[in-house]
Amino acid sequence: MSVVATVLRSGAVRAQECWQPSALSPPGDQIASNSFTSLAGVDGAVGYVPPFRVGTRNRLTPSVSASVRLAPFELQASWGWVVDASEAGGVVHGPGDLRLGTVVTLAHFSEFDVTAGWEVKLPNASDEGEIGTDETDVSFGATAGWRRGPVSARLGVGLAVLGNPLRFANQDDVAMVRGSVAWTSGFVRVIGRASADLPTPRNPVRSEGDIALQLGTRWFGLVHAGGGFVPASADWHAGLAVGFASALP
């Protein structure tokens, strides 16, 4: 069984977004297959500004994630440990937020597929030290994927409803755009992606790019790096991970 990385983002900045197909989902011609994928890695980011915050920090995040596909559904989960270093707060660390989500394939025909999904971010990370917001966030959106031969692409749009840690019973609605392309040859895969969180009255625009190299199929390694296009995004980020993918009985 082969796997394809359709969307990748820095775990140090934004964990696997569970409203989209997993970054290591089977390709389009195996969309109906049942599969399991797990990933463990570490990501680092320099000059990152979290939502609702104003100070930059450097962030290191060891993380684990998993996805189970029971066509046409895909169940996902991700979690990490956050270590932040900043001039104002020194070094703080603690458990990150647990993210759970479900994606459903609405249509699959020829070279194309359409999905819809949702994600909930549980408030595991405390807002003390600004590791998290101590708020429950919900995201949902849709994606369209395309694959022909060794090339694949995916475009997604969504909305994140973020709890505001600075004001009681207040939220911020953030529009999201995600895009990626991937090229596969044997056990080698190259992935490029870009993302944007549009500005709101409470949060500035966040936009970044990333390029990744994946080696292997059943057992695989992944290394990626990139940077932000605007001040609130990380100046640069990088990470590496190892994973395992298998068909289910």
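All residue numbers refer to positions in the sequence shown, counting from 1.
Counting only N and O atoms by type, the side chains of T184 and R189 include a donor and acceptor under 3.5 Å apart. Between the side chains of N203 and D172, at least one donor N or O lies within less than 3.5 Å of an accepting N or O. Between the side chains of S207 and S233, no donor-acceptor pair is found at a separation under 3.5 Å. Remark: the R193 side chain and the S195 side chain contain an N/O donor-acceptor pair separated by less than 3.5 Å.
Under the 4.0 Å criterion applied to side-chain N and carboxylate O atoms, R147 and E111 are not assigned as salt-bridge partners. A salt bridge is defined here as a Lys NZ or Arg NE, NH1 or NH2 lying under 4.0 Å from an Asp or Glu carboxylate O, and E135 with K121 fails to meet this definition. At a threshold of 4.0 Å, the pair D197-R206 does not count as salt-bridged, since none of the basic side-chain nitrogens sits closer than that to a carboxylate oxygen. Salt bridge R59/D43: absent, no basic N to carboxylate O contact under 4.0 Å.
To the nearest 0.5 Å, the span separating CH2 on W118 from OG on S139 amounts to 10.5 Å. Separating the OG1 atom in T143 from the CG atom in D113 is a distance of 6.0 Å, to the nearest 0.5 Å. For the atom pair E130 CD and S86 OG, the distance stands at 7.5 Å (nearest 0.5 Å). For the atom pair I131 CD1 and W81 CH2, the distance stands at 8.0 Å (nearest 0.5 Å). The structure places CD of Q20 at 9.0 Å from CD of E119, a figure rounded to the nearest 0.5 Å. With values rounded to the nearest 0.5 angstrom, L70 atom CG is found 6.0 Å from L75 atom CG.
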Give the C-alpha distance, both sets of side-chain angles, the deciding distance and a yes or no for salt bridge (charged side-chain N to carboxylate O under 4.0 Å, His left out) between D84 and R53. CA-CA 13 Å; D84 275 357; R53 311 301 186 185; over 6 Å; no

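Closest heavy-atom contact between T200 and D173: CG2-O, 3.3 Å. Closest approach of G227 and H237 over heavy atoms only: N-CE1, 3.7 Å. What you find for A232 and P204 is that their closest heavy atoms are CB-CG, 3.7 Å. For G163 against D137, the heavy-atom pair with the smallest separation is N-OD1, 2.8 Å. Shortest non-hydrogen contact noted between F244 and F220 is N-CE2, 3.5 Å.
A heavy-atom distance below 4.5 Å is not found between the side chains of W79 and R99.
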